[in-house]
Novice: 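Sharing a structure, written as structure tokens. Questions coming.
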Amino acid sequence: GNSVTQMEGPVTLSEEAFLTINCTYTATGYPSLFWYVQYPGEGLQLLLKATKADDKGSNKGFEATYRKETTSFHLEKGSVQVSDSAVYFCALGLHTGTASKLTFGTGTRLQVTL
Amino acid sequence: EAQVTQNPRYLITVTGKKLTVTCSQNMNHEYMSWYRQDPGLGLRQIYYSMNVEVTDKGDVPEGYKVSRKEKRNFPLILESPSPNQTSLYFCASSLYGTQENEQFFGPGTRLTVL
């Protein structure tokens, strides 16, 4: 079946540090890949996405590249801020049967300190 | 404002007492879905709906029912809640049920079943 594996947290960084959150996937087919972010007490919101191999998604200084050869979609940011503290979910979307389905990783909590 | 709303946001109930969590979206989206979020498990899909009167099971449908009588509403029904249904529930919608579409999430409903 389809699955997403992302690094366990929490990840604790100082402000302005470089961030990488690893994400790898297993899928039967050619999925779309997403990063969603969940701020405390809120629902998930899309951070960025990529729909085919070698696409780079980017938003708010975050970026991730769809690497088919390594089945990965690692999230990076050059300089994190305290306001980036949240839980980050990697997900794949794949059409199977009658509908598309989003499969999520377990989430990685990021805490950024001053 | 384009949004997905859920009610109630918090609910404490007792085993066996039927409850309904409402979900409504104002974006004219065809696709709607319910997820539950549990620590260490990420988000798992309960049910989804491709359009009015079309619903189907997700990964963890046992103990839940849904209906889609109108495009904007997708209530989640627990006929006889049990403690293992204590969780954080999210409703989501997207324009179509295709794999590249972003899903928009509601703020969540935290349910405790005693």
Side-chain angles (χ1 to χ4, degrees), chain A residues 1-10 21 23-25 27-53 55 57 59 66 73 86-109, chain B residues 1-7 9-10 21 23-25 27 29-51 53-61 68 88-110:
Chain A
N2 304 322
S3 66
V4 175
T5 302
Q6 56 181 111
M7 59 191 288
E8 287 209 21
I21 301 178
C23 170
T24 57
Y25 68 90
T28 52
Y30 302 97
S32 296
L33 299 175
F34 304 84
W35 277 100
Y36 282 85
V37 59
Q38 184 180 30
Y39 297 103
E42 298 183 11
L44 282 72
Q45 54 186 275
L46 181 69
L47 180 60
L48 53 84
K49 72 175 186 181
T51 57
K52 61 182 189 298
D55 269 2
N59 186 26
Y66 187 163
F73 193 54
V87 181
Y88 292 81
F89 290 91
C90 185
L92 71 83
L94 193 62
H95 196 92
T96 54
T98 56
S100 174
K101 178 181 160 59
L102 262 186
T103 300
F104 287 88
T106 54
T108 302
R109 182 177 298 279
Chain B
E1 179 190 355
Q3 60 183 345
V4 178
T5 56
Q6 295 178 227
N7 282 292
R9 292 290 310 277
Y10 302 90
V21 183
C23 172
S24 183
Q25 51 92 4
M27 295 170 279
H29 285 173
E30 291 190 357
Y31 180 90
M32 298 185 75
S33 182
W34 276 102
Y35 298 88
R36 59 177 289 173
Q37 183 181 11
D38 300 290
L41 296 176
L43 277 78
R44 294 178 293 167
Q45 189 179 54
I46 303 170
Y47 269 94
Y48 66 92
S49 169
M50 289 290 284
N51 213 324
E53 301 293 359
V54 180
T55 64
D56 210 344
K57 296 177 181 178
D59 296 320
V60 288
R68 188 94 182 270
L88 181 57
Y89 291 87
F90 289 101
C91 181
S93 71
S94 66
L95 186 56
Y96 304 112
T98 55
Q99 69 179 49
E100 67 275 7
N101 276 176
E102 170 187 2
Q103 290 195 18
F104 293 81
F105 285 79
T109 295
R110 186 168 291 282

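Note on naming: letters A, B, ... go to the chains in the order of the sequence lines (proteins, then strands), and numbering restarts at 1 for each one.
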Novice: Chain A heavy atoms under 4.5 Å from B:Arg9: which part of the residue, side chain, backbone, both or neither?
Specialist: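 Side chain of B:Arg9 only, per the 4.5 Å heavy-atom cut-off to chain A.
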Novice: Quick one: pull up CD in B:Gln99 and NZ in A:Lys49 and give me the separation to the nearest 0.5 Å.
Specialist: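 These two atoms lie 10.5 Å from each other.
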Novice: By a 4.5 Å heavy-atom criterion (distance strictly below it), what part of A:Glu8 contacts chain B: side chain, backbone, both, or neither?
Specialist: neither
Novice: Which heavy atom in B:Phe90 sits nearest to a heavy atom in A:Gln38, and how many Å separate them?
Specialist: CZ-NE2, 3.2 Å
Novice: Chain A heavy atoms under 4.5 Å from B:Gln37: which part of the residue, side chain, backbone, both or neither?
Specialist: side chain
Novice: Taking atom OH of A:Tyr30 as the centre, report whether more than 12 heavy atoms of other residues, nucleotides or ligands fall under 6.0 Å from it.
Specialist: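 Incorrect, the count does not exceed 12.
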Novice: By a 4.5 Å heavy-atom criterion (distance strictly below it), what part of B:Phe104 contacts chain A: side chain, backbone, both, or neither?
Specialist: neither
Novice: At a 4.5 Å cut-off on heavy atoms, which part of B:Tyr35 comes close to chain A: side chain, backbone, both, or neither?
Specialist: side chain
Novice: Return the option, out of A:Leu46, A:Thr103, A:Thr51, A:Leu44, with the maximum number of heavy-atom pairs under 4.5 Å with chain B.
Specialist: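 Looking at each option in turn, the highest pair count goes to A:Leu44.
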Novice: Which region of B:Asp56, side chain (C-beta onward) or backbone (N, CA, C, O), has a non-hydrogen atom less than 4.5 Å from a non-hydrogen atom of chain A, or is it both or neither?
Specialist: side chain
Novice: Go through A:Leu94, A:Val87, A:Leu33, A:Leu92 and name the one with the most non-hydrogen pairs under 4.5 angstrom from chain B.
Specialist: A:Leu94
Novice: Out of A:Gly41, A:Gly93, A:Ala91, which one racks up the most heavy-atom pairs below 4.5 Å with chain B?
Specialist: A:Gly93
Novice: Are the side chains of A:Tyr36 and B:Glu102 in touch, meaning some heavy atoms are under 4.5 Å apart?
Specialist: yes
Novice: So if I take each residue of residues 43-50 of chain B and look for any heavy atom under 4.5 Å from a heavy atom in chain A, which residues do I end up with?
Specialist: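 Under the 4.5 Å heavy-atom cut-off, B:Leu43, B:Gln45, B:Tyr48, B:Met50 qualify.
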